[in-house]
Structure formats: structure tokens, C-alpha cells
There are 2 protein chains.
Amino acid sequence: MGILNPKKELEKEAIVAGLLKEKGLSITAPRKLILSLLMKEHGPFSAEEILKKLPKNSCDQATVYRCLNQFVEVQLVNTSFLEKDMAHFEYNDPHHHHHHIICKICKKIESFHDCLMEKIELGLQKKGYRDIQHRLEIFAVCENCAKG
Amino acid sequence: MGILNPKKELEKEAIVAGLLKEKGLSITAPRKLILSLLMKEHGPFSAEEILKKLPKNSCDQATVYRCLNQFVEVQLVNTSFLEKDMAHFEYNDPHHHHHHIICKICKKIESFHDCLMEKIELGLQKKGYRDIQHRLEIFAVCENCAKG
DNA sequence: TACTTTTTGCAAGCGACTTGCATTAATATT
DNA sequence: AATATTAATGCAAGTCGCTTGCAAAAAGTA
């Protein structure tokens, strides 16, 4: 794909570099690789999956974790804990806000773009989902900490 | 408290034992201790916190984890991943459905009993919370797996 | 280009959680 | 109620996702 259309690839590179700069991160090979991977493929992916998807020996496991944590900090990436014991990461596209539903048995992950509990659960039941549970967690800075 | 009102304590014991039986779990000392702790105090608590709250040497770390996982399986307890790297556990009281908000900085956890995104975020802003993010995860059995 | 700062790779380390196994306790059976 | 059977517990060792210290390399800066 990059070979077939080098112009477009260069544009994408520029976008990725721009995002990194915007967030105050220096532009390095691993950071570009990881971020463009996450922007191209729709996760959520575990760190291990990301490492496997990168070109062989292009970057170390430790670097993957370090980059992902930095991306989360600057809100380029969202974390979720769909599976116990393992974080999943996904590019945070503000224009495509969505949530995940993971099958308790086969662990298949799907996304949906709606955001209202009752509506969601009814819709999912009609789709054939059973035994639906949800978890909503909110992260914020409290009044006290916002002052300090 | 148990000493002051032994009758009420016995009643509570019976409730806890009843819940365990209802869920097909045998009634053991550690299970009774952990479940009644979670029913009495409102978490969410980490496994470590639970272990510390139990009477000294009343049960092993491994047992705490084993019990908690069983409780989650039978839906007596809910898990949340408010902090990366550490699960939190809480008694699943169907009459007091609620969610959690954790401060990004001081990690203070509060619960709220409302359940509508926009309403929630507006209300929290008025309460002084800033930089609000939320995470909603849904767990269910998909059509395929429900068949099998 | 030379200097300073940050990032990376590697390997060792950490910590939450799990597991194998012998012992002990809970349920089922008689 | 006593015994047999099955399951749960404690202990210690192990696993695994993730982090970190440090020297080398690459980015940013002048």
C-alpha cells in the first residue's frame, strides 16, 4: 500500500508526526510506528498484539509499553480493561466516540457508537446478546485536586 | 457489635450462608468472612485491603483471591479496574446499582447512583469535577456462544 | 557541527495474582 | 452419628504483564 501510493503515505506520516508534536512528544521511529498502527487498525489491542504487528525488531517490548503509557497520558490513546490482567489500547478518535462489548465466552470484542444504557441493552438483546452486564467508570480531577 | 447483639449477628450469618448456598457454593469460614465484610463495608476494595480487614491469620492471600473470583463468577461481587494493575471488588447489591468516579490525582473513589452520561457529566462539573472522562464496558454472551 | 536532552534496548526486577500439592474441612452416604 | 467422598485451604513456589536502571543511540537545540 505504501509502495503503491508513496504520496499518501508521506501525508499520513506528516499527520502522525504532527499529532506527536502537538502533544509535546518528540518524534521517534517507535512512536511513529505505534501511533500509525493504532490509527490504521481499529483495536483495542493488547501491548503484546501491538508488538507482534510491528515490523520485526523495529522496537522493544519496553518501548511499546513506554510509548503507550505516554500516549494515554496525552490522551492520544484510551485504555480499557476488557480482560482481567491485561490492558487494551486504542486510538482515541474524538470524532468516533464509542464503547466496547466483549463476549464473556469467546472474548470477541465489538464496538458500538451509541451511548445510552437502556437503549444499548435493549438493542443488544435484540441482536442476540444475553446475560448483559455493563461497567461504567469515570475518571476526573476532583474539586480539591483541581484547586491545588 | 456482635457481642452487643448476638441475635442480629446470627441473622446476618444466616443471610450470608443462604447467599452462598443459593449460588451453589459450599459454606466455609473464609467465604463467610469475606462475603460479610463486603456486605457490611462499601468498597470497592482491593484484594490486599480485604485481606488486611479480615481477622489476623483468618485466611490466606490465595484463599482471598480464590473466593473473590468465585464470587465474581456467580455475580455476588463486581470487579472494577479503577486503578491499572489492581482489581477492586465490591458486593453486587442489585437494589443499589451505582457507578464509581475516581480522582485522577488523589485516587479517591466515590459512587453515584445515576446512570445517564450527559446528566452525569453535567452534574459532576457542577460539583467541581474537571477533566472528566468516562469508560463504559459491557460484558455479555454473544448470540453464537448463547446457542452453543 | 557540536552540545544537551530524551529515548531506546537490554536484562533484571517487581508485584498482583495463580497454582501444585499435602492437609483439613465440608458435604454426601450409610 | 460415623464414615466416605468431595471440595476448599494454606503454604510456597511460580507465572506473567508490566516497569526500571543503565549504557548506548538518536532527537532536539544552538
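Residue numbers begin at 1 in each chain, while the letters A, B, ... track the order of the sequences. Owing to the predicted nature of the structure, the values given are computational and were not obtained by experimental measurement.
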Practice problem: Can you figure out which of dA26(C), dT19(D), dT20(D) approaches the side chain of S26(B) most closely? | Solution: dA26(C)

Exercise. Round to the nearest Å and state the distance from N57(B) atom CG to dG10(D) atom C1'.
Key: 11 Å

Quiz item: Taking CD from E48(A) and C1' from dT15(D), how many angstroms apart are they, rounded to a whole number?
Solution: 14 Å

Self-check item: Nearest-neighbour nucleotide for the I27(A) side chain, dT27(C), dG28(D), dT20(D) considered
Solution: dG28(D)

Quiz item: To the nearest Å, how far apart are D60(A) CG and dT19(D) P?
Solution: 13 Å

Quiz item: Tell me: NZ of K23(A) to P of dG28(D), nearest whole Å?
Solution: 18 Å

Quiz item: Taking atom P of dA16(C) as reference, at what distance in whole Å does atom CD of E49(B) sit?
Solution: 11 Å

Exercise. For Q61(B), answer base if it contacts any base atom (sugar-phosphate contacts may also be present), sugar-phosphate if it contacts only those atoms, and nothing otherwise; contact means non-hydrogen atoms under 4.0 Å.
Key: base

Exercise. Rounded off to whole Å, could you give me the CG-to-P distance for the L25(B) and dT9(D) pair?
Key: 10 Å

Exercise. Report the residue (R31(B) or Y65(A)) whose heavy-atom-nearest nucleotide on DNA chain D is the more 5′ of the two.
Key: R31(B)

Quiz item: So what does R66(B) hit on the nucleic acid, given a heavy-atom distance under 4.0 Å: a base, only sugar-phosphate, or nothing?
Solution: base

Practice problem: Take K84(B) and A29(B), find for each the nucleotide of DNA chain D with the closest heavy atom, and name the residue whose nucleotide sits nearer the 5' end. | Solution: A29(B)

Exercise. Give D85(A) one of three labels, base, sugar-phosphate or nothing, depending on what nucleic acid heavy atoms sit under 4.0 Å from its own.
Key: sugar-phosphate

Exercise. Find the distance L33(B):CG to dT9(D):P and express it as a whole number of Å.
Key: 11 Å

